[in-house]
Colleague: 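Handing you a structure now.
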Number of protein chains: 2
Amino acid sequence: MRITRATEYAVRCILFLAVNGKGEVVGRKEIAKYMEIPGQFLGKIAQQLAKAGLIEIVQGAKGGYRLLVSPEKISLLNAVEAISGEIFLNDCIMRPASCRRSATCSVHCLWERARTQLRNTLGEVNFAKLMEGESCFGPLEGSSRQGR
Amino acid sequence: MRITRATEYAVRCILFLAVNGKGEVVGRKEIAKYMEIPGQFLGKIAQQLAKAGLIEIVQGAKGGYRLLVSPEKISLLNAVEAISGEIFLNDCIMRPASCRRSATCSVHCLWERARTQLRNTLGEVNFAKLMEGESCFGPLEGSSRQGR
DNA sequence: ATAAATAAGATTTTTTTTATCCTATATTGG
DNA sequence: CCAATATAGGATAAAAAAAATCTTATTTAT
């Protein structure tokens, strides 16, 4: 029930690239150093981000990574799911066939509901906002208020 | 980013106890059989549920588990957190000291926001509702709010 | 060509999760 | 009281997932 470190690293990486400007190539080592990400591990993560179309990997000397998509068009959800795959809170939702209960069991509807909500929340915030540090100030609407 | 099997088992266990009536003692093996939970593993899970005050463990012949709290007073969140501890989506929220960024980093505000929302969602549904199978019918309003 | 980078596959290490084994203890019924 | 039935609880094992690293290959700037 936790966001993996790989995902956290991916978010940091995108954020760093965003801060450095969309088209700019930034070296892997530089990103790793400033964002405190194990260098080789970042390499693996970058591969996934590239596969998802979020960044481009530039090889060779002076190589590195380049953000392909504007920060405002990348949601936190995009980043998370680029690394961990689509969010599912439990197995039964993903593989209904593997659980005889799913058709009748109301619990699974709940998991699914929670899942949808979580994905919506993460989908609402983009990296432009994150860069501005404004993410904390928006109201959290809905019945079970907890503002902030 | 997934609900563990232990948590799923705990939910099934509570649900089974709830269906059998609040005060009733139900044998561990019976629960395990009907809810398809490895018997010994259920024993471990029951210990945690007992520690959380949700059930009572009855030893000896004719022993088993007894629901101590009315189904309508047990939320899904109670069940989840009885097993996995309080939900945190990432480490930095839980141990801010371990992450130098947390004070300034807007990303963490987002994780926290998502976390609060998830906890609210799970907190809004109790086992009485789950028993009735009504959980699927509540509207999930708008993309950002989700009242109810 | 050489140096500087990253790629990509394989592998290792660590952590978490899941499950089981074994001995102890409690309870029921005869 | 005794035997049978159940769960408790600590220890341990097995499996899976996550995190990290090693190695060799490839690409690019100068």
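Chain A is the first sequence line, chain B the second, and so forth, proteins listed ahead of strands; every chain is numbered from 1. In this text the structure is predicted, and so the values were computed from the model without any measurement.
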Colleague: Looking at CZ of B:Arg12 and CG of B:Leu130, how far apart are the two atoms once the value is rounded to the nearest 0.5 Å?
Modeller: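 Rounded to the nearest 0.5 Å, the CZ-CG separation comes to 13.5 Å.
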
Colleague: Take the C1' atoms of the five end pairs on each side of the helix from C:dA1-D:dT30 to C:dG30-D:dC1, derive the two axes, and give their angle rounded to 10 degrees.
Modeller: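 Taking five pairs per end, the axes differ by 10°.
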
Colleague: Is the closest side-chain heavy-atom distance between A:Arg119 and A:Glu86 below 4.5 Å?
Modeller: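 Yes, their side chains come closer than 4.5 Å.
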
Colleague: If we only count heavy atoms from C-beta on, is the A:Ile87 to A:Glu81 side-chain gap below 4.5 Å?
Modeller: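 Contact flag for A:Ile87/A:Glu81 side chains = yes.
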
Colleague: For A:Ala6 and A:Ile45, which heavy atoms make the closest approach, and how far apart are they?
Modeller: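 Smallest interatomic distance, heavy atoms only, reads O-CD1, 3.7 Å.
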
Colleague: So B:Met131 and B:Pro71, do their side chains get closer than 4.5 Å, heavy atoms only?
Modeller: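 Yes, side chains in contact.
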
Colleague: Between A:Val58 and A:Arg5, which is nearer to the 5' end of DNA chain D once each is assigned its nearest nucleotide?
Modeller: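 Taking each residue's closest nucleotide, the earlier one in sequence belongs to A:Arg5.
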
Colleague: So which heavy atom on A:Ser75 is nearest to which on A:Gly123, and how close?
Modeller: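 Nearest heavy atoms, A:Ser75 then A:Gly123: CB-O, 3.5 Å.
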
Colleague: Heavy atoms of chain A, cut-off under 4.0 Å: which first and last nucleotide of DNA chain D, 5' to 3', fall inside that, if you could look?
Modeller: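 Both ends considered, the range comes out as D:dA19 to D:dA29.
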
Colleague: Could you go step by step and tell me if B:Leu89 and A:Arg2 meet the side chain to side chain contact (heavy atoms under 4.5 Å, CB included) rule?
Modeller: CA-CA 4 Å; B:Leu89 291 184; A:Arg2 271 176 48 239; over 6 Å; no

Colleague: From CD of A:Glu30 over to P of C:dA4, roughly how many Å is that when rounded to an integer?
Modeller: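 That distance rounds to 17 Å.
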
Colleague: For DNA chain D, which residues in residues 61-69 of chain A have a heavy atom at a distance below 4.0 Å?
Modeller: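 Those residues are A:Ala61.
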
Colleague: Is there a side-chain contact between A:Trp111 and B:Val11 (heavy atoms, below 4.5 Å)?
Modeller: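 Counting from C-beta outward, A:Trp111 and B:Val11 do come under 4.5 Å.
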
Colleague: Calculate the interatomic distance between B:Glu56 atom CD and C:dA26 atom P; express it in whole Å.
Modeller: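 Rounded to whole Å, this separation is 15 Å.
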
Colleague: Using the rule that two of Ile, Leu, Val, Met, Phe, Trp, Tyr join whenever any of their side-chain heavy atoms come within less than 4.5 Å, decide whether B:Tyr34 and B:Ile55 are in one cluster.
Modeller: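 Yes, B:Tyr34 and B:Ile55 fall within the same hydrophobic cluster.
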
Colleague: Whole angstroms only, please: what is the CD1-P distance between B:Ile57 and C:dT27?
Modeller: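 B:Ile57 atom CD1 is separated from C:dT27 atom P by 13 Å.
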
Colleague: Within this structure, what is the CD-to-C1' distance between A:Gln59 and C:dA3, rounded to whole angstrom?
Modeller: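 About 15 Å, once rounded to whole Å.
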
Colleague: For B:Arg28 and C:dA19, give me the distance from atom CZ to atom C1', rounded to whole Å.
Modeller: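 Rounded to the whole Å, the gap is 12 Å.
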
Colleague: Are B:Leu67 and B:Ile74 packed together at the side-chain level, in the sense that at least one heavy-atom pair is separated by less than 4.5 angstrom?
Modeller: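 In contact.
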
Colleague: Side chain to side chain donor-acceptor pair (under 3.5 Å) with B:Arg66: which residues, sequence neighbours excluded?
Modeller: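 Side chain to side chain donor-acceptor pair (under 3.5 Å) list for B:Arg66, sorted by chain: B:Glu56.
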
Colleague: Rounded to whole angstroms, how far apart are CG on A:Asn90 and C1' on C:dT17?
Modeller: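 Going from CG in A:Asn90 over to C1' in C:dT17 covers 16 Å.
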
Colleague: Among all residues two or more places apart in sequence or in another chain, which pass the side chain to side chain contact (heavy atoms under 4.5 Å, CB included) test with A:Glu72?
Modeller: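 Result, side chain to side chain contact (heavy atoms under 4.5 Å, CB included) vs A:Glu72: A:Ser70, A:Asn126, A:Ala128.
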
Colleague: Give the residues of residues 37-51 of chain A touching DNA chain D, defined as any heavy atom closer than 4.0 Å, sorted by residue number.
Modeller: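 Those residues are A:Pro38, A:Gln40, A:Phe41, A:Lys44.
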
Colleague: Apply side chain to side chain contact (heavy atoms under 4.5 Å, CB included) to the pair A:Thr4 and A:Ser84, showing each step before the final yes or no.
Modeller: CA-CA 8 Å; A:Thr4 66; A:Ser84 306; 4.2 Å; yes

Colleague: What residue among B:Val58, B:Val26, B:Ile31 forms side chain to side chain contact (heavy atoms under 4.5 Å, CB included) with B:Tyr65?
Modeller: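 Output: one option passes, namely B:Ile31.
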
Colleague: Does C:dT18 have its OP1 or OP2 closer than 4.0 Å to a side-chain nitrogen or oxygen of B:Tyr9?
Modeller: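 No, no such contact exists.
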
Colleague: Figure out the CD1/P separation between B:Ile83 and C:dT16, and round it to whole Å.
Modeller: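 Rounded to the whole Å, the gap is 17 Å.
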
